[in-house]
Each structure stands twice: as C-alpha cells, then as structure tokens.
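Heads up: the structure comes next, in structure tokens.
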Amino acid sequence: MSARIPFFQHDLGAPELEALAAALRDAILTTGDTVAEFERRFAARLDVPHAVGVTSCTAALHLALLAVGVQPGDEVITTPMTFVATATAILQAGARPVFVDVEPDTGNLDATRVEAAIGPRTRAIVPVHLFGQMCDMRALRAIADRHDLAIVEDAAHCIEGRRDGAGVGALSEAACFSFYATKNMTSGEGGAIVTRDAARAAHLRLLRQQGLTTGAAERERHGYRHRDMVTMGWKYNMYNLQAALLLPQLGRLDANLARRRALAARYAARLADVPHVVVPPVAPGVEHAWHVFAVRTDGVARDALVGALQDAGVGVTVHYYPPVHLTGYFRDAFGHRPGSHPVAERIAATTLSLPFYPTMPASLVDEVAQRMARCIELAGRAERVVRSAARGDGT
Ligand SMILES: *Cc1c(COP(=O)(O)O)cnc(C)c1O
C-alpha cells in the first residue's frame with residue numbers, strides 16, 4: 001500500500017538541542033532561571049501579566065481551580081466534549097463536574113445552556129477551546145459575573161487563538177495550557193497557568209511546590225535558610241529542562257500557526273467535493289489556533305471510515321470518544337446515561353481528526369483527501385452490496 005502519513009510530527013530540532021545543552025551546563029536542573037525566563041516570555045506572548053510553569057495541563061487545571069477557591073462539595077460546569085483530564089482535574093479539586101451540552105457547529109460549551117445548570121454550589125466554569133477555536137468568552141464572562149463564578153479556561157488546544165478581540169487569559173481568572181507531546185508547543189510533558197492577578201500567581205507558585213516558601217534555586221543562590229510550609233501543596237513545578245525545550249518554540253508559534261492555517265484551508269478546499277465528509281465552520285469573530293483538524297462524517301459510519309483510513313495508511317484519531325460523561329468511570333460514578341447531552345454525543349459519534357502538523361507538506365493534504373475519497377467510495381460500494389444482498393436480489 002502507499003506510504004504511511006503520520007497523524008503528527010513534532011518540529012523540535014537544533015535550537016531545542018542547543019537550549020537543552022545550555023540548561024544541562026547550569027547547576028540547577030529543577031525549577032530555576034530558565035523556568036522564570038519561560039514564564040516571562042510566555043506571559044508576554046499571551047499579553048497576560050503572570051505565567052506559572054507546571055508539569056501538565058491537568059496539574060494546571062487542578063491548581064487553578066483551587067486558586068479560584070473551588071472547595072470540596074462545590075460544582076464546576078464544563079463540557080463533555082473534551083479530554084478526560086478537564087473533568088478529572090475538577091474531581092482532584094474535590095468538586096463535582098456538571099456537564100453542559102455543546103454547540104452543534106463548534107463543539108464548544110454552549111453558553112446559552114450554562115445558566116440552567118447553575119445551582120447554589122456552582123463555583124466555576126471550565127470552558128475548553130476545542131481544537132483551537134475559542135469559546136464565546138464574552139458570553140461566558142457575562143454569565144460568570146451575573147452569578148459570581150470564576151472562569152478557568154482549558155486552553156490546551158489554544159495558545160494562539162483569539163475571539164472578538166480577546167486572547168486566551170484576557171477574560172478569565174486563569175487559563176491553563178498543555179505542553180504534552182502533540183500540542184502546538186511541547187516539552188514532551190508540561191503545562192502552564194496564566195493569570196491577570198499577582199496574588200493568585202503567588203498562590204499558584206506555593207501550590208505547585210509543596211506549599212513551601214522557597215525552592216532549590218533560592219537555596220543555591222542565597223545559601224541555606226529555614227523555610228516554611230504555609231499551605232497544602234502539590235509537586236507540580238515545571239523544571240529548567242522543560243523550559244529550555246519550550247523557549248525556542250515561542251519564536252516559531254506564529255510561523256507554525258500560519259502553516260497550519262494554510263493546511264486547514266487546503267484541506268477544506270480538497271474535501272469540499274468529497275461526499276459524506278463535512279468540514280465544520282469557524283464561528284464569526286474567531287481567530288482559530290488550528291491545533292487539530294477535525295471533520296464530521298454524514299451518512300457514512302465513522303468507525304468504518306477510521307478503520308479504512310488506517311488500512312490506507314492515513315494516521316487518524318478521534319477527539320473524543322466516548323464523550324467524557326459516557327466513559328465507564330463517569331457512568332459508574334455519576335450515573336450518566338446516553339441521551340443526556342445529545343449534541344456532544346452526536347459529535348463524538350461522527351468526528352475524526354486528520355493528519356495535521358506545521359511541517360506537513362501541502363501535497364500530503366491532497367493525498368489524505370484522495371485516500372479519504374477512495375475509502376468513502378469503497379464504503380459506499382460495500383454498503384450497496386450489503387443492502388442488495390439483504391433484499392435478496394444480489395448475484
Ligand atoms: C491534552 C489536554 C489536556 C491535558 O493536558 P496534559 O498536559 O496532558 O495534562 C487537557 N485538556 C485538553 C482539552 C487536552 O487536549
């Protein structure tokens with residue numbers, strides 16, 4: 001069969017090797033100056049005053065929820081159309097995730113349904129900017145203000161996105177990022193929180209490092225001093241080697257976004273004539289961060305198409321199935337059943353994500369579209385055979 005087209009390829013190379021070598025020559029391997037430099041530059045890139053480096057987006061969400069005051073027994077509103085970590089972070093903070101259905105076009109939390117889910121224990125909203133397309137943050141902010149709720153953005157897909165003139169972190173108490181292996185910027189594993197509030201940033205620094213007032217870098221610089229543990233804390237501190245890998249990538253964010261935007265436009269053009277495949281629209285006012293390129297199937301079985309594409313050497317994946325409320329754990333723990341969030345369930349059953357990364361040659365987009373058209377044609381032919389056999393008029 002034809003050559004395999006990978007789902008994702010990172011673009012780390014010489015600049016990252018050099019930065020890593022420099023970080024290894026430093027006496028401090030853990031959280032130190034390189035992390036501080038990354039935090040400064042990441043905050044500046046997002047135009048938010050403070051950034052705090054942590055070990056993952058899951059950790060970032062956990063700490064951000066604690067820092068906005070979420071307590072055991074509270075409820076936090078979020079979307080079922082996300083990676084499980086959005087919801088498990090809410091559980092880690094001791095709260096209960098309350099799922100609200102999503103918009104049919106974008107798959108993002110439907111702001112028009114949020115108010116109906118707010119109760120006396122609701123403390124926060126965690127919107128997810130699915131695939132890089134920002135939620136309607138102005139609508140969510142208005143709701144949060146009316147009900148005195150905090151917003152913690154799950155921006156794992158969306159460093160670069162904007163909507164209605166506002167970037168990530170501009171309208172929330174905190175925004176959380178992932179530097180996991182396939183994200184738009186990566187250190188293999190890693191994460192960060194941005195916030196506009198200096199006191200909250202200081203609190204987050206305590207929470208990420210055991211609740212201790214100083215770390216190893218301060219002791220190296222100033223010599224041993226007693227320190228105190230002033231609050232319950234976790235072991236979530238980003239370390240210098242992660243920051244070293246991330247720093248050079250900040251300089252490539254815009255160029256890589258431009259490449260992915262061009263690839264997305266090419267996909268949309270090439271797939272326009274492929275039957276049974278729909279490229280979801282981008283909402284007005286959105287500057288898409290293009291993290292994942294997902295399409296929907298219409299009138300053809302998604303799982304059969306995923307199988308056929310894999311057999312045809314196309315690296316595909318599904319974001320996300322099952323939707324979080326219908327995973328085994330959430331069904332068992334909270335009694336969720338199919339039908340409770342029908343829009344998310346329909347999207348989860350019809351979505352698939354295609355190969356997409358900044359160094360992907362445009363010719364491979366054409367190749368994926370061609371293989372997709374062929375798979376759908378074959379699937380249609382197979383279905384006609386099955387149908388005619390069922391009618392008894394086959395050969
Ligand atoms: C990747 C991802 C996470 C988790 O990120 P980690 O850094 O792996 O903890 C959370 N939410 C969404 C939407 C993600 O895609």
Side-chain angles (χ1 to χ4, degrees), residues 7-8 10 35 38 42 51-66 76-93 97 99-100 102-103 106-109 124-135 137 151-161 168-169 172 174-194 204 207-208 234-239 241-243 245-246 249 260 288-294 317-325 327 329-330 344 347-348 351-353 356-357:
F7 176 72
F8 180 79
H10 72 73
V35 171
F38 171 72
F42 191 65
V52 178
V54 290
T55 44
S56 70
C57 186
T58 312
L61 289 163
H62 177 193
L63 296 191
L65 288 166
L66 296 177
V76 174
I77 289 172
T78 192
T79 164
M81 183 37 61
T82 185
F83 182 56
V84 292
T86 315
T88 56
I90 294 169
L91 294 174
Q92 287 178 50
F99 297 108
V100 166
V102 299
E103 301 170 339
T106 64
N108 276 335
L109 185 64
I125 305 171
V126 180
V128 177
H129 307 312
L130 190 66
F131 305 148
Q133 167 154 229
M134 254 176 101
C135 297
M137 286 299 294
I151 301 180
V152 172
E153 294 170 83
D154 180 337
H157 295 185
C158 192
I159 299 169
E160 312 91 333
V168 179
S172 62
C176 300
F177 300 86
S178 174
F179 307 126
Y180 172 71
T182 57
K183 299 287 165 42
N184 285 1
M185 224 168 68
T186 182
S187 44
E189 303 283 356
I193 309 155
V194 300
L204 286 165
L207 293 177
R208 77 169 170 185
W234 280 261
K235 177 62 182 175
Y236 286 162
N237 50 303
M238 174 183 278
Y239 64 109
L241 303 187
Q242 285 173 307
L245 286 171
L246 293 168
Q249 296 175 66
R260 290 194 310 274
H288 206 303
W290 293 115
H291 170 54
V292 165
F293 190 82
T317 184
V318 172
H319 298 90
Y320 294 93
Y321 189 85
V324 179
H325 66 293
T327 56
Y329 175 77
F330 277 93
I347 294 174
T351 196
L352 72 142
S353 306
F356 195 58
Y357 46 93

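Whatever order the structure lists ligands and atoms in, that order sets their numbers, starting from 1. This structure is a prediction, so every number in the text was calculated from the model and none was measured. Note that these values count all heavy atoms, side chains included, but never hydrogens, waters or copies made by symmetry.
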Atom 9 (O) of ligand 1 - nearest protein heavy atom and its distance = Thr58 OG1, 2.5 Å
Atom 3 (C) of ligand 1 sits nearest the protein heavy atom Phe83 CD2, 3.7 Å
Which heavy atom of the protein is the closest neighbour of atom 2 (C) of ligand 1, given with residue, atom name and distance?
-> Lys183 NZ, 2.8 Å
Have a look at ligand 1 and work out which part of Asp154, if any, has a heavy atom under 4.0 Å from it: side chain, backbone, both or neither.
-> side chain
Looking at side-chain heavy atoms only, is the closest gap between Met81 and Val128 below 4.5 Å?
-> no
Kindly confirm or rule out an N or O of Ser178 lying under 3.5 angstrom from an N or O of ligand 1.
-> yes
Between Phe179 and Phe42, does the ring centre distance come in under 6.0 Å?
-> yes
Ranking Ala87, Ala155, Ala156, Ala89 by closest non-hydrogen atom to atom 14 (C) of ligand 1, top hit is Ala156
Plane angle bin for His157 and Tyr320 - parallel if under 30°, tilted between 30 and 60°, otherwise perpendicular | parallel
Just distances here: any N/O of Tyr180 and N/O of ligand 1 closer than 3.5 Å?
-> no
Quick note on ligand 1: atoms under 4.0 Å from a heavy atom of Thr82 include exactly 13 (C)
Atom indices of ligand 1, in the order listed, that fall short of 4.0 Å to a heavy atom of Val128 | 13 (C)
Using distance alone, decide if ligand 1 has a nitrogen or oxygen within less than 3.5 Å of any nitrogen or oxygen in Leu61.
-> no
Check: Phe7 and Ser353 side chains under 4.5 Å, non-hydrogen atoms = yes
Does some side-chain heavy atom of Met134 sit less than 4.5 Å from a side-chain heavy atom of Val168?
-> yes
Between CE on residue Met185 and CZ on residue Phe38, distance to nearest 0.5 Å = 4.0 Å
Which option, His157, Glu189, His291, Met81, owns the non-hydrogen atom nearest atom 15 (O) of ligand 1?
-> His157
Work out whether the distance between some heavy atom of Tyr320 and some atom of ligand 1 is less than 4.0 Å.
-> yes
